[in-house]
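Reading through the structure tokens given below for one structure.
Order of the sequence lines sets the chain letters (A, B, ...), proteins ahead of strands, with each chain counted from 1.
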2 protein chains.
Amino acid sequence: MGAGNAPSKKAAPTNSLLRNSAPIFAALGDETRLRLIAALCAGRAMSIAQLTSGTEITRQAVTKHLCVLADVGLVRDIKVGRERLWEFEPTQLEEARRSLEVIARQWDHALHKLKMAVER
Amino acid sequence: MGAGNAPSKKAAPTNSLLRNSAPIFAALGDETRLRLIAALCAGRAMSIAQLTSGTEITRQAVTKHLCVLADVGLVRDIKVGRERLWEFEPTQLEEARRSLEVIARQWDHALHKLKMAVER
DNA sequence: TTCATATGCTACCTCCTGGTTGCATTATAA
DNA sequence: TTATAATGCAACCAGGAGGTAGCATATGAA
């Protein structure tokens, strides 16, 4: 046993906001998925075949990406005839925006405190 | 050759904003890294050992996470004596916020157009 | 009915990621 | 000088992610 490799026992009181938003960021963290979201943000629901044309990857890969997005609620599907139409779901995107704002606010607050301490 | 498995040839004109922000979202898409960011947002720079205590993982794992964050510019390190202090870098977080806002704006715009078309 | 289209499902492959251990290196402190 | 603390570095491992191919199923149209 060596140089400080053993981790601490106690877990910090987990911030549920951050825990919930990590999967959303992970889903957003892929260029192909961001393109799919951008396409669906154009407004109208699109089928898998439509979303595949305009990509370099196969229909099956697109389906997987859509499922990843659906798992975190960024996207939703409706079955219409033999097609499966996908549409954007903005709720979870708002969740992600709130998380980033919380971080930014904490940072600004820390800077403000630091400035106060320096000027005191 | 089978049932619509062949992808299209032409690539869509790639939105550079989305391409650039995907790695940032990917870096944010891990609970451990979000916790590290939250810790560093408290204001003062922290050493690897400090960031490790309060986690269930090893110092080496924390180092890897910090490197992932540094690769996308979310965090920066300064060497001080035998310590290596890490601090938050808000610039790239703003980039991520802008990306989410662009998506949200496109979505709102599409909804508005849809509403206009319906009422016409 | 019969064919073509849109999709579902499964197996498979490769590479990356998160994590670990072990040992070397650097720098502070006694 | 000599421990000791903080970190760097490399090898290693298991599992998941992104991607593909092949075949089955369902539905619309002729």
Map A:G81 and A:D30 onto DNA chain D by nearest heavy atom, then report which one ends up closer to the 5' terminus.
A:D30
Quick one: on DNA chain D, does B:D77 or A:A26 contact a more 5' nucleotide (nearest heavy atom)?
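Going by which nucleotide is closer to the 5' end, it is B:D77.
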Considering all heavy atoms, the nearest B:A27-B:L69 contact:
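B:A27 and B:L69 have their closest heavy atoms at O-CD2, 4.0 Å.
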Integer-rounded Å distance: [N] [atom2] and [X] [atom1]:
X	N	atom1	atom2	result
B:K64	D:dA10	NZ	C1'	10 Å
A:L66	C:dA6	CG	C1'	14 Å
B:K79	C:dT25	NZ	P	14 Å
A:L69	D:dG18	CG	C1'	13 Å
A:L36	D:dG18	CG	C1'	13 Å
A:E31	D:dA17	CD	C1'	16 Å
B:E83	D:dT4	CD	P	19 Å
B:L51	D:dA6	CG	C1'	13 Å

Does [X] make a side-chain donor-acceptor contact with the base of [N], cut-off 3.5 Å?
X	N	result
A:Q60	D:dG18	no
B:E56	C:dG19	no
B:R59	D:dG8	yes
A:R82	C:dT5	yes

Report yes if the side chains of [X] and [Y] come closer than 4.5 Å at any heavy-atom pair, otherwise no.
X	Y	answer
A:I57	A:H65	yes
A:F88	B:I103	yes
B:H112	B:D108	no

Which one, D:dG18, C:dG19, C:dT7, comes nearest to the side chain of A:H65?
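The nucleotide sitting nearest to the side chain is D:dG18.
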Does a nitrogen or oxygen in the side chain of [X] sit under 4.0 Å from OP1 or OP2 of [N]?
X	N	answer
B:R84	D:dA6	no
A:S47	C:dT7	yes
A:T58	D:dG19	no

When all nucleic acid strands are considered with a 4.0 Å heavy-atom cut-off, which category describes B:A49: base, sugar-phosphate, or nothing?
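Sugar-phosphate: the residue B:A49, judged by heavy atoms under 4.0 Å, touches backbone atoms but no base.
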Sorted by chain and residue number, the side chain to side chain contact (heavy atoms under 4.5 Å, CB included) partners of A:A45 (sequence neighbours excluded) come out as A:L85, A:E87
